[in-house]
Amino acid sequence: MSTVPAAPAAFPGSAAPLAFLKGHGTENDFVILPDPENRLELPPAAVARLCDRRAGIGGDGLLHVVRSAAHPEAAALAGSAEWFMDYRNGDGSVAEMCGNGVRVFARYLQRAGLAAEGDLAVATRAGVRSVHIAKAGADGGPGDITVGMGTARLPGGEVSVTVGGHRRPARHVDMGNPHAVVFVEDLADAGPLLRAPEVEPAAAYPEGTNVEFAVDRGPRHVAMRVHERGSGETRSCGTGACAVMVAAARRDGADPAVTGRPETWTVDLPGGRLLITEHPDGSVEMTGPAEIVAEGTVDPDWLARGTR
Ligand SMILES: N[C@@H](CCC[C@H](N)C(=O)O)C(=O)O
């Protein structure tokens, strides 16, 4: 089946309904807008309206599916990756990367007949990400998806996160997008996470940051909660899980570049489980599920009313 509209209408102000799908990866959920030729205008207010959980479709973020060649931010990558994940947070802000988003993006391409099981490449603002779509499981359910997440950067300098009124040292990890990882005794210590946690110094994160709270569950096994920049607390974050894995491994003195052995960690999130491997060459891989759950059309007049 093909769910790519031939010529999607631009909005706001268009009379034509707009095709969308909804998907999630470990319950990090996304509105998916197929727009191969990049005809849609996507002002932040339109993204926020679509991602609104009560007045819109609802999602932690939005995956704008565009041919790399048709998008000014990705045209230079078109030779390496046909498709560009133009990722937006639920508040309409732009982000460099979304790990769960790449898996859901790949699942959409597979469902639309634009990619097959096996290997493909997806362009993101953080660069090209390699993807492997595994065969369907014995139960007929979709196979897991593995994403080559690039390398983790560990900028020096001390950062801290306030947890329960106390400042705690955190680890700054860059997975193409920014993260502050703080280890806690209990995930409940993070509190209700209704607002962005206080991270210092603010200058360490000029564009804001995602904040992960992590606890140990066993050998090479952690659990985490996350407050995402631009979305609030979500039930999973792929780049965040990678950041937590790398921070935990370094805390424990494990560095594959030194030992020559890959490190594989299990990361439990409120919405499911991800397996993260760091290789001796520094590359990080994430494996987890991705599902498309619905598709439909958006009323362009409704969208236009909220974005005028
Ligand atoms: N949920 C994503 C990360 C999405 C972007 C993030 N909120 C940011 O602003 O950097 C993931 O799975 O990685």
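Applying the side-chain hydrogen bond (donor to acceptor under 3.5 Å, both in side chains) test to residues at least two apart or on different chains, the pairs with a partner in residues 131-145 are D119-H132. For the salt bridge (Lys or Arg N to Asp or Glu O under 4.0 Å) condition, the pairs that include at least one residue of residues 150-164, sequence neighbours left out, are R153-D174. Screening residues 257-270 for side-chain hydrogen bond (donor to acceptor under 3.5 Å, both in side chains), with sequence neighbours left out, gives R220-E263, H221-D268, E263-W265, T264-T277, D268-R273. Note on residues 163-172: pairs passing side-chain hydrogen bond (donor to acceptor under 3.5 Å, both in side chains), not counting sequence neighbours, are S160-R167, R167-E200, R168-E185.
In this structure, F213 belongs to a hydrophobic cluster whose other members, linked by side-chain heavy atoms under 4.5 Å apart, are V159, V161, V163, V182, V184, L187, L193, V199, Y205, V211, V215. Other residues sharing the hydrophobic cluster of V94, ordered by chain and number and joined by side-chain separations under 4.5 Å: none, the residue standing alone. Within the hydrophobic cluster formed by Ile, Leu, Val, Met, Phe, Trp and Tyr side chains joined at under 4.5 Å, directly or through other members, F84 stands alone, with no partner residue. When hydrophobic side chains of Ile, Leu, Val, Met, Phe, Trp and Tyr are connected at separations under 4.5 Å, L275 ends up as a singleton with no cluster partners.
Using a cut-off of 4.0 Å between Lys/Arg side-chain N and Asp/Glu carboxylate O, R235 and E27 are scored as salt-bridged.
Rounding to the nearest 0.5 Å gives a distance of 13.0 Å between CZ of R88 and OG of S231.
Residues passing the side chain to side chain donor-acceptor pair (under 3.5 Å) test with R53, sequence neighbours excluded: D29, D60. Under the rule for a side chain to side chain donor-acceptor pair (under 3.5 Å), the partners of R107 that lie at least two apart in sequence or sit in another chain are Q110. In this structure, the side chain to side chain donor-acceptor pair (under 3.5 Å) partners of D281, at least two apart in sequence or on a different chain, are S283. Under the rule for a side chain to side chain donor-acceptor pair (under 3.5 Å), E117 has no partner lying at least two apart in sequence or in another chain.
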